[in-house]
Novice: 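Questions regarding the structure given below will be posed in turn.
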Amino acid sequence: MTQGTQLAWDDTVLPFQLDLADVRGRVARLDGVLQDVLRQHNYPAAIEGLVAEAVLLTALIGQTIDLRWKLSIQVRGDGPARIIATDYYGPSEDGQPARIRGYASFDPDRLDPDAEPFSLIGEKGYFAILIDQGEGTEPYSGITSLEGGSLAACAEAYFRQSEQIPTRFALSYGRSHEPGRGERWRAGGVMLQHMPKASSLLKVGEGQVAPAALPETDDGENWNRANVLLDTVEELELIGPNVTSTSLLTRLFHEEQPRVFETQAVQFGCSCSEDKVRQSLSIYSQKDIAHMVTTEGTVTADCQFCGAHYVLDPKTVGFVGDKPPGF
């Protein structure tokens, strides 16, 4: 396989359907987009792994939704990995790539570099999916507890509890050493979801949490068979450079007659801007702003996702008086 052929399916999400099993899903391959997310920061390896898993889940879940604006995953805990946050922005036009960003907040003094990454989140906290369709709509949020030993298991638990639709992930991510390209982060995953025959909706969902049970019918047998086949997937098939997404589906599910749909490209992208920084500061009075001024006489703000640094004149932000305009 040439590098050009490989790049054609890196940073993509491929929707598919198993026509003989009433199962739909996604195959995601992330390379440059994951590299771009992580290079914005200097995270320890364990934190990088958590962000990589969250970004991969976000790509798989976000692509399943008819999204006008943004889907977010937020993970909060009482451990040294305090926050893992990702955003998926749907394409603004047909044929355009979706955009993904992500970041982590952690306590370096409490971080055990030899600990299992998921344990760094702690025991008390939550896994949340948030969907915002933009102006004029009410944002949706759903929360589940931290369980199952991985973020993927948390996602499976969420969709099992909230949507009552059996869901399964098989994920792999890590640093890749490829000749001529140096060391890079790569990630790959497969999502499966059993869909009722009466429904054409595709909502979303490896972990240690068992998939939701189905009745002992043909549907249940089809779902169980699809899971058994997914269990045969190998790490190099998910993230290696020599197996395309379509070849992977054929190898895993050829007897289920896999049918693929249009591939969605994804790239790193941040929505921060100076205007948004000014808007966030508009709730403060100029008296409050005065306490934020640096020794250089400016007000500064940094984007947690992309690291953009904004420098503002304190005279141009904040409001005069006791209340912001409109109150």
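Residues take their numbers from the sequence shown, with the count starting at 1.
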Novice: Compare every heavy atom of Ala308 with every heavy atom of Cys272, then report the nearest pair and how far apart it is.
Specialist: SG-CB, 4.0 Å
Novice: Any chance you could lay out the side-chain hydrogen bond (donor to acceptor under 3.5 Å, both in side chains) test for Thr232 and Arg251, step after step, and finish with the verdict?
Specialist: CA-CA 10 Å; Thr232 69; Arg251 207 283 291 169; 3.2 Å; yes
Novice: Test Tyr173 against every option in Glu235, Arg186, Glu48, Glu53 by the side-chain hydrogen bond (donor to acceptor under 3.5 Å, both in side chains) rule and name the one that passes.
Specialist: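 So, applying the side-chain hydrogen bond (donor to acceptor under 3.5 Å, both in side chains) to Tyr173 and each of Glu235, Arg186, Glu48, Glu53, only Glu53 qualifies.
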Novice: Could you tell me which residues satisfy salt bridge (charged side-chain N to carboxylate O under 4.0 Å, His left out) with Arg110, sequence neighbours excluded, listed by chain and number?
Specialist: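 Applying salt bridge (charged side-chain N to carboxylate O under 4.0 Å, His left out) to Arg110 gives none.
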Novice: If you count the non-hydrogen atoms of other residues, nucleotides and ligands that lie under 6.0 Å from CG in Asp66, is the total more than 12?
Specialist: no
Novice: Could you go through Gln74 and Ser72, starting from their C-alpha distance and side-chain angles, then the distance that decides it, and tell me whether this counts as side-chain hydrogen bond (donor to acceptor under 3.5 Å, both in side chains)?
Specialist: CA-CA 6 Å; Gln74 292 186 9; Ser72 304; 5.4 Å; no
Novice: Please step through side-chain hydrogen bond (donor to acceptor under 3.5 Å, both in side chains) for the pair Arg29 and Thr12, ending with a clear verdict.
Specialist: CA-CA 6 Å; Arg29 297 290 182 85; Thr12 62; over 6 Å; no
Novice: Please report the closest heavy-atom contact between Leu57 and Ala155, naming both atoms and the distance.
Specialist: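 In this case the closest contact between Leu57 and Ala155 is CD2-CB, 4.4 Å.
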Novice: Is there a side-chain hydrogen bond (donor to acceptor under 3.5 Å, both in side chains) between Ser285 and Asp288? Walk through the geometry before answering.
Specialist: CA-CA 5 Å; Ser285 69; Asp288 294 327; 3.2 Å; yes
Novice: Is NZ or CZ of Arg101 both nearer than 6.0 Å to the six-membered ring centre of Phe305 and within 45° of the ring axis?
Specialist: yes
Novice: For Leu56 versus Ala28, what's the shortest heavy-atom pair and its separation?
Specialist: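 Closest pair (atom of Leu56, atom of Ala28, distance): CD1-CB, 3.8 Å.
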Novice: How far apart are the closest heavy atoms of Ile129 and Ile61, and which atoms are they?
Specialist: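 Distance-wise, the nearest heavy atoms are CD1-CD1, 4.1 Å.
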Novice: More than 12 non-hydrogen atoms from neighbouring residues, nucleotides or ligands closer than 6.0 Å to CD on Glu255, yes or no?
Specialist: no
Novice: Is Gln267 atom CD crowded by more than 12 heavy atoms from other residues, nucleotides or ligands, each under 6.0 Å away?
Specialist: yes
Novice: My understanding is that only residues two or more places apart in sequence, or in another chain, count here; which of them pass salt bridge (charged side-chain N to carboxylate O under 4.0 Å, His left out) with Arg39?
Specialist: Asp36
Novice: Does some side-chain heavy atom of Val299 sit less than 4.5 Å from a side-chain heavy atom of Pro314?
Specialist: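 Side-chain contact under 4.5 Å: yes.
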Novice: Under the salt bridge (charged side-chain N to carboxylate O under 4.0 Å, His left out) rule, collect the residues that match up with Asp19, sequence neighbours excluded.
Specialist: Arg259
Novice: What's the separation between atom CZ in Phe268 and atom CG in Leu30, rounded to the nearest 0.5 Å?
Specialist: 13.5 Å
Novice: Hey, could you give me the CD1/CZ distance between Ile165 and Arg24, rounded to the nearest 0.5 Å?
Specialist: 10.5 Å
Novice: Identify the heavy atoms of Gln63 and Pro15 that sit nearest to each other, and give their distance.
Specialist: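 Residues Gln63 and Pro15, closest heavy atoms: OE1-CG, 3.6 Å.
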Novice: Does atom NZ (Lys124) have a neighbourhood of more than 12 heavy atoms from anything else shown, all under 6.0 Å?
Specialist: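 No.
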Novice: So, for Ala301 and Val277, which heavy atoms are closest and what is the spacing to 0.1 Å?
Specialist: CB-CG1, 3.8 Å
Novice: Is it the case that Thr298 and Thr300 place a side-chain donor and acceptor less than 3.5 Å from each other?
Specialist: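 Checked: Thr298/Thr300 side chains show no N/O donor-acceptor pair below 3.5 Å.
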Novice: Starting at OG of Ser105, measure out to CD1 of Ile47 and round the result to the nearest 0.5 Å.
Specialist: 9.0 Å
Novice: Okay, side chain of Glu116, backbone of Ser119: is any donor-acceptor separation there less than 3.5 Å?
Specialist: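 Side chain of Glu116 to backbone of Ser119: a pair is present.
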Novice: Do Arg184 and Asp31 sit within salt-bridge range, that is, some charged N less than 4.0 Å from a carboxylate O?
Specialist: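 Looking at Arg184 and Asp31, the cut-off is met.
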Novice: Within a radius of less than 6.0 Å around CZ of Arg76, do more than 12 heavy atoms belonging to other residues, nucleotides or ligands occur?
Specialist: no
Novice: Run the salt-bridge test on Glu274 and Arg278 with the 4.0 Å N-O cut-off and return the result as yes or no.
Specialist: yes
Novice: Between atom CZ of Phe106 and atom CD1 of Ile83, what is the distance when rounded to the nearest 0.5 Å?
Specialist: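 Spacing of CZ (Phe106) from CD1 (Ile83) equals 12.5 Å.
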